Student: 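I have a structure I would like to understand better, so I am pasting it below and will then ask my questions one at a time.
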Amino acid sequence: MLEGKKFFIQTFGCQMNLNDSEHVASLLLQEGAHQADTPEKCEIILINTCAVREKSVEKLFSYLGRLKEHKANRGSIIVCLGCVAQLYREKLLSKFPYLDLVVGPAQYQELPLLLSDSFRQRAAITRWTKGWVELPIMAVVRESQVSAYITIMEGCNNFCTFCVVPFTRGREKYRPLSAIQEEARQLAESGFLEIQLLGQNVNSYRDPESGAGLAELLKKISEINQIQWIRFLTSHPRNFSFEMALAMASSPKVCHQLHLPVQSGSNQVLARMNRNYSREDYLEKISWLKSLMPDISLSTDIIVGFPGETDDDFQQTLELVDQVQYTNIFSFRYSPRPLTRAASFKDDVPAEVKIERLIELQKRQKEIQLKVNGEMLGQKQKVLALGQSKKGNLYTGRNEAYQVVNFSSRRELTPGFVEVKIVGGGAYSLKGEAVC
Ligand code: SAH
Ligand code: SF4
Ligand code: F3S
């Protein structure tokens with residue numbers, strides 16, 4: 001039906017969107033369409049969108065604005081996918097009269113039909129589903145040949161007061177363990193070495209058939225011979241149990257690396273965010289993790305300038321960052337999001353104070369990263385080489401801590417594991433030499 005048509009996908013947002021885009025592309029390729037690297041000569045342009053922060057939506061709107069001319073010149077079909085599609089639905093069609101389709105995450109399997117000549121009409125298709133929607137079995141064309149994402153659950157029941165995700169991805173839906181195992185087995189047979197299990201709240205995963213949880217799932221994936229590294233994200237600190245820390249520590253394939261978003265170091269702020277844990281609970285979990293896995297690499301998300309955040313609250317966040325010594329943090333200025341509870345709170349931290357706090361936090365974290373990375377000089381690390389680096393004649397890969405390692409090699413390498421001696425680096429990446 002889409003035989004010979006050229007399409008282009010632009011992806012914004014998180015790993016789940018990246019993974020969804022690879023699946024959407026594969027669905028269209030299966031119908032005979034061809035994927036292009038730029039939108040210029042394409043009959044179909046798809047944009048997979050993120051609604052998590054105000055800036056994400058502003059970026060999308062300016063991207064959509066630029067497509068107007070494209071539509072006028074080439075008449076391409078323009079399709080909006082993802083979280084903004086689900087959140088704004090018909091409103092997007094009226095704001096951008098040259099958009100053809102708005103399709104939510106639970107309806108991607110309908111895309112080949114929606115894009116076919118027999119169906120084509122302007123519409124917003126954004127129904128909710130209660131249970132997991134399994135896409136047809138197909139060979140997914142992935143960006144990497146060695147590292148793959150597998151979505152294990154979607155949606156969130158937590159309703160943090162700042163977060164729009166429960167309104168874009170709906171309530172939690174869990175993928176059957178058997179389907180996850182089958183996808184992992186197929187990936188292993190095609191040469192994949194690393195699996196990253198994805199979900200908005202992976203620690204609440206329950207197999208709809210047997211009730212097995214994430215620890216059991218990790219065990220099952222570990223049994224697949226060829227898979228050597230397993231990661232999972234995102235973990236909500238409230239649902240991260242001591243049993244999970246034990247499961248991580250006792251499986252040789254589960255990487256000693258964890259993204260555990262704290263959002264704030266102040267109990268007052270955490271309570272207003274409805275995070276359901278205290279600073280003390282969080283730090284207790286960090287201390288289990290460090291005692292079970294002294295080499296663990298931790299990362300986090302932090303919001304600065306949440307309504308009512310005082311200087312003292314912010315100092316507590318800085319102190320927590322000093323105490324935990326994260327390998328990496330993702331930090332954001334708070335922005336109110338539609339439908340969330342915090343949108344009705346007074347957004348009372350002035351914009352310039354939010355910026356000052358963000359700069360201070362990032363400066364403090366940069367010092368930590370420079371120190372931590374400096375201590376790695378001379379170490380030999382196992383690195384998953386992903387391909388050529390954009391800079392110079394180097395290769396690029398990631399170590400177990402999920403840090404970027406750019407390295408030279410005397411012999412030509414294909415993607416896969418390689419031992420690398422760390423010879424330098426800054427706060428955000430490491431430099432090395434392959435040990436041949
Ligand atoms: N499921 C993940 C987070 C998904 S959103 C979790 O539970 O942690 C990714 C990050 O975006 C969040 O961790 C938070 O730090 C940030 N974020 C979400 N909503 C935001 C908002 N309204 N303003 C600023 N940052 C926000
Ligand atoms: Fe959003 Fe909170 Fe759910 Fe994460 S846990 S997706 S921050 S509501
Ligand atoms: Fe963004 Fe949706 Fe992911 S809002 S962060 S693309 S779940």
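Start at 1 and go down the list; that is how both ligands and their atoms are numbered. What you see is a predicted model; the values in this text were computed from it and never measured.
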Student: For Phe162, counting its heavy atoms only, list the atoms of ligand 2 lying under 4.0 Å from any of them.
Tutor: 7 (S)

Student: Please report the closest heavy-atom contact between Lys253 and Ser222, naming both atoms and the distance.
Tutor: NZ-O, 2.9 Å

Student: Against heavy atoms of Arg275, which atoms of ligand 2 measure under 4.0 Å?
Tutor: 2 (Fe), 7 (S)

Student: Phe159 heavy atoms, cut-off 4.0 Å: which ligand 2 atoms fall inside?
Tutor: 8 (S)

Student: Heavy-atom distance under 4.5 Å between the side chains of Pro261 and Thr234, does that happen here?
Tutor: yes

Student: Taking NZ, NE, NH1 and NH2 as the nitrogens, is one of them in Glu154 or Arg169 under 4.0 Å from a carboxylate oxygen of the other?
Tutor: yes

Student: Out of all atoms in ligand 1, which are within 4.0 Å of some heavy atom of Pro261? Include the element for each.
Tutor: 8 (O)

Student: Of the protein's non-hydrogen atoms, which lies at the shortest distance from atom 4 (C) of ligand 1, and what is that distance?
Tutor: Val165 CG2, 4.7 Å

Student: Identify, by atom number and element, the atoms of ligand 2 in contact range of Pro166, meaning under 4.0 Å from any of its heavy atoms.
Tutor: 8 (S)

Student: Show, in sequence, the C-alpha distance, side-chain angles and deciding distance for Thr300 and Val324, and conclude whether the side chain to side chain contact (heavy atoms under 4.5 Å, CB included) test is met.
Tutor: CA-CA 10 Å; Thr300 203; Val324 178; over 6 Å; no

Student: Of the choices Gln200, Arg337, Arg53, which has the non-hydrogen atom that lies closest to atom 17 (N) of ligand 1?
Tutor: Arg53

Student: Under 3.5 Å, is there a donor-acceptor pair between the Gln403 and Asn328 side chains?
Tutor: no

Student: I want to know if ligand 1 touches Phe162 in the polar sense, i.e. an N/O pair below 3.5 angstrom.
Tutor: yes

Student: Of all the non-hydrogen atoms in the protein, which one sits nearest to atom 26 (C) of ligand 1, and at what distance?
Tutor: Ile303 CD1, 3.6 Å

Student: Which ligand 1 atoms are under 4.0 Å away from a heavy-atom of Asp301?
Tutor: 9 (C), 10 (C), 12 (C), 13 (O), 15 (O)

Student: Is it true that the NZ or CZ of Arg337 lies under 6.0 Å from the centre of Phe162's six-membered ring and within 45 degrees of the ring axis?
Tutor: no

Student: So if I count the atoms of ligand 1 from 1 in the order they appear, which ones are less than 4.0 Å from some heavy atom of Gln263?
Tutor: 8 (O), 12 (C), 13 (O), 14 (C), 15 (O)

Student: Looking at Arg171 and Pro166, would you say the former's side chain and the latter's main chain have a donor-acceptor pair under 3.5 Å?
Tutor: yes

Student: Under 4.0 angstrom from ligand 2, any heavy atom of Arg169?
Tutor: no

Student: Give me the residue, atom name and distance of the protein heavy atom closest to atom 3 (Fe) of ligand 2.
Tutor: Cys156 SG, 2.2 Å

Student: Among protein heavy atoms, which sits nearest to atom 1 (Fe) of ligand 2, and what does the distance come to when rounded to 0.1 Å?
Tutor: Cys163 SG, 2.3 Å

Student: Describe, in one word, how the ring planes of Tyr282 and Tyr326 are oriented to each other, choosing from parallel (under 30°), tilted (30 to 60°) and perpendicular (over 60°).
Tutor: tilted

Student: Do the charged groups of Asp207 and Lys220 touch, with an N to O distance under 4.0 Å?
Tutor: no

Student: Counting heavy atoms only, which part of Cys160 comes closer than 4.0 Å to ligand 2: side chain, backbone, both or neither?
Tutor: both

Student: Quick one: does Ser335 get an N or O within less than 3.5 Å of an N or O on ligand 1?
Tutor: yes

Student: What I want to check is whether the side chains of Gln268 and Ser266 have a donor and an acceptor closer together than 3.5 Å.
Tutor: no

Student: Measuring only between side-chain heavy atoms, which start at C-beta, is Pro176 closer than 4.5 Å to Glu209?
Tutor: yes

Student: Within ligand 2, which atoms have a heavy atom of His236 less than 4.0 Å away?
Tutor: 5 (S)

Student: May I ask you to identify, for Pro261, whether its side chain, its backbone, both or neither come under 4.0 Å of ligand 2 on a heavy-atom basis?
Tutor: neither

Student: Has the side chain of Ser291 got a donor or acceptor atom that lies under 3.5 Å from a matching backbone atom of Trp288?
Tutor: yes

Student: Between Lys68 and Tyr98, is NZ or CZ placed under 6.0 angstrom from the six-membered ring centre and within 45° of the ring axis?
Tutor: no

Student: Working note: Tyr277 + His236, criterion ring-ring contact (aromatic ring centres under 6.0 Å, His included); need CA distance, chi angles, decisive distance, verdict.
Tutor: CA-CA 10 Å; Tyr277 54 83; His236 188 292; 5.7 Å; yes

Student: Please confirm whether the ring centroid of Tyr205 lies under 6.0 Å from the ring centroid of Phe232.
Tutor: no

Student: Looking only at heavy atoms, is any part of Phe332 under 4.0 Å from ligand 1, and if so is it the side chain, the backbone, or both, or is it neither?
Tutor: side chain

Student: Do Thr49 side-chain atoms and Leu81 backbone N/O form a donor-acceptor pair below 3.5 Å?
Tutor: yes

Student: Taking only Lys NZ, Arg NE, NH1 and NH2, and the carboxylate oxygens of Asp or Glu, determine whether Glu309 and Arg357 approach each other closer than 4.0 Å.
Tutor: yes

Student: Would you mind listing which atoms of ligand 2 come within a distance below 4.0 Å of any non-hydrogen atom of Val165?
Tutor: 6 (S)

Student: Taking non-hydrogen atoms within less than 4.0 Å of ligand 3, which protein residues qualify?
Tutor: Cys14, Asn17, Thr49, Cys50, Ala51, Val52, Cys83, Arg169, Gln200

Student: Which residue owns the protein heavy atom closest to atom 5 (S) of ligand 1, what's the atom, and how far is it?
Tutor: Val52 CG2, 3.6 Å

Student: Between Arg333 and ligand 1, which residue portion shows a heavy-atom distance shorter than 4.0 Å: side chain, backbone, both, or neither?
Tutor: backbone

Student: Is it true that Glu223 and Arg185 make a salt bridge, defined as a side-chain N closer than 4.0 Å to a carboxylate O?
Tutor: no

Student: Nearest protein heavy-atom contact for atom 7 (O) of ligand 1: which residue, which atom, what distance?
Tutor: Arg275 NH1, 3.8 Å

Student: With a cutoff of 4.0 Å, is Thr234 in contact with ligand 1, counting heavy atoms of the residue only?
Tutor: yes

